[in-house]
Amino acid sequence: MDKSLYSKARIEDAGEICRKIIEDASAQAGSILTRAGKEKSKILEEANQEAENKKKEALKKNDIEVEKMRQKIFSTLNLEKKKLFLEEKSRFIETVLEKVREIAAEFRKDQGYKAFLEKAISEGVEVIGERDVDVLYSALDEKIIKGDFIKNINGVTLEFKKCDFKDIGVIVQSKDSRLIYDNTFSARFKRLHDDIYMDLLKGVF
């Protein structure tokens with residue numbers, strides 16, 4: 001064979017091979033790019049989904065925190081409301097009790113005051129339980145005591161002693177002062193204060 005023709009044939013073969021290689025490489029590159037595009041889309045989709053999930057989770061946590069905060073605020077407000085309500089009740093009750101004290105102070109002028117003193121003395125005598133007792137009374141009640149007031153109750157001898165307290169009522173005690181029963185209004189009121197306060201607390205508002 002002519003060498004020139006042989007060389008030409010080899011060149012043509014080489015060109016064909018190169019073209020084939022290029023076609024194969026292009027096809028392979030196209031396939032790789034297609035797969036890469038699909039993989040990219042998948043990765044982006046997964047990333048978007050993950051981001052969306054995290055966003056929802058964050059919003060859910062945020063909603064929970066907001067709800068907790070709201071509940072805390074409402075709880076605080078309710079406590080403050082109850083506190084203010086109770087304070088208002090207490091102020092009203094103290095006003096009522098103060099009025100009772102004022103009325104009690106005026107009771108000395110009432111026609112029934114003498115009977116009140118007699119009953120207070122009788123209660124004290126019963127509590128002390130002795131035959132001779134001292135009755136301590138306010139100087140403001142001197143006119144009543146000095147009059148035709150009782151000198152004994154059921155065989156118990158009473159000795160009246162004027163004192164400088166201004167409260168209505170009396171204090172009854174044994175001769176040796178070992179037993180004392182304070183039956184003045186203030187003492188009686190103090191003994192009943194908690195019960196009166198609770199009754200008023202339940203009744204107001």
Side-chain angles (χ1 to χ4, degrees), residues 66-205:
V66 168
E67 180 61 22
K68 285 182 180 177
M69 187 176 293
R70 189 180 71 85
Q71 291 294 337
K72 185 177 180 180
I73 290 170
F74 273 113
S75 178
T76 302
L77 287 174
N78 283 333
L79 285 175
E80 286 299 317
K81 182 179 177 182
K82 287 179 181 178
K83 182 181 176 183
L84 290 172
F85 191 56
L86 285 174
E87 286 176 355
E88 190 62 31
K89 272 188 173 184
S90 295
R91 279 194 292 271
F92 175 77
I93 290 170
E94 285 304 325
T95 301
V96 172
L97 295 180
E98 186 57 37
K99 191 64 179 176
V100 170
R101 294 185 187 98
E102 290 175 9
I103 293 172
E106 293 295 317
F107 183 52
R108 182 172 268 117
K109 302 173 185 178
D110 193 276
Q111 290 182 350
Y113 183 58
K114 182 179 177 180
F116 168 78
L117 282 179
E118 290 175 348
K119 184 178 180 182
I121 292 170
S122 296
E123 289 174 354
V125 166
E126 187 176 345
V127 172
I128 298 301
E130 295 192 1
R131 293 184 61 83
D132 298 309
V133 298
D134 292 335
V135 179
L136 311 183
Y137 67 93
S138 170
L140 298 175
D141 296 328
E142 188 172 13
K143 288 182 179 179
I144 299 176
I145 300 298
K146 278 190 172 181
D148 57 347
F149 206 67
I150 54 174
K151 301 302 177 184
N152 61 72
I153 297 177
N154 297 329
V156 177
T157 301
L158 309 175
E159 182 177 351
F160 292 87
K161 295 182 178 182
K162 183 171 63 174
C163 296
D164 60 358
F165 65 83
K166 295 181 180 180
D167 204 359
I168 63 173
V170 295
I171 299 172
V172 182
Q173 64 183 31
S174 59
K175 285 293 182 179
D176 58 6
S177 300
R178 186 171 53 87
L179 300 174
I180 299 174
Y181 184 68
D182 189 341
N183 212 13
T184 59
F185 173 79
S186 294
R188 291 161 68 98
F189 192 74
K190 188 175 181 181
R191 288 193 290 269
L192 296 172
H193 180 275
D194 289 347
D195 290 337
I196 295 171
Y197 189 93
M198 290 308 297
D199 286 342
L200 287 172
L201 192 63
K202 292 174 184 176
V204 295
F205 302 106

Atom [atom1] of [X] and atom [atom2] of [Y]: how far apart are they, to the nearest 0.5 Å?
X	Y	atom1	atom2	answer
Asp134	Ile128	CG	CD1	10.0 Å
Ile171	Lys161	CD1	NZ	12.5 Å
Leu117	Ser122	CG	OG	10.5 Å
Phe160	Ile121	CZ	CD1	4.0 Å
Leu136	Ser177	CG	OG	8.0 Å
Arg188	Asp182	CZ	CG	10.5 Å

For Ser174 against Asp176, the heavy-atom pair lying closest together: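 Scanning both residues, the minimum pair turns out to be OG-OD1, 2.6 Å.
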Minimum-distance pair of heavy atoms, taken over all atoms of Tyr137 and Phe165: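 It is C-CZ, 3.6 Å.
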Can you check whether [X] reaches [Y] side chain to side chain, under 4.5 Å on heavy atoms?
X	Y	result
Asn183	Arg191	yes
Glu123	Lys119	yes
Val125	Leu158	yes

Asp167 side chain vs Ser186 backbone, donor-acceptor pair below 3.5 Å: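 Looks like yes, one N/O pair under 3.5 Å.
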Expected output: side-chain Thr76 to main-chain Lys72 donor-acceptor under 3.5 Å: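 Confirmed, Thr76 side chain pairs with Lys72 backbone.
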Flag if over 12 foreign heavy atoms under 6.0 Å of CD, Glu142: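 Counting neighbours around CD of Glu142, more than 12 heavy atoms of other residues, nucleotides or ligands fall under 6.0 Å, so yes.
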Verdict with reasoning, Arg108 to Asp141, per side chain to side chain contact (heavy atoms under 4.5 Å, CB included): CA-CA 8 Å; Arg108 182 172 268 117; Asp141 296 328; 2.6 Å; yes
Trace of the side chain to side chain contact (heavy atoms under 4.5 Å, CB included) decision for Val156 with Val133: CA-CA 7 Å; Val156 177; Val133 298; 4.1 Å; yes
Glu130/Lys175 under salt bridge (Lys or Arg N to Asp or Glu O under 4.0 Å): CA gap, chis, key distance, verdict: CA-CA 9 Å; Glu130 295 192 1; Lys175 285 293 182 179; over 6 Å; no
Side chain to side chain contact (heavy atoms under 4.5 Å, CB included) assessment of Glu102 paired with Glu106: CA-CA 7 Å; Glu102 290 175 9; Glu106 293 295 317; 5.9 Å; no
Parallel, tilted or perpendicular: ring planes of Phe116 versus Tyr113, cut at 30 and 60 degrees: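 Phe116 and Tyr113: parallel rings.
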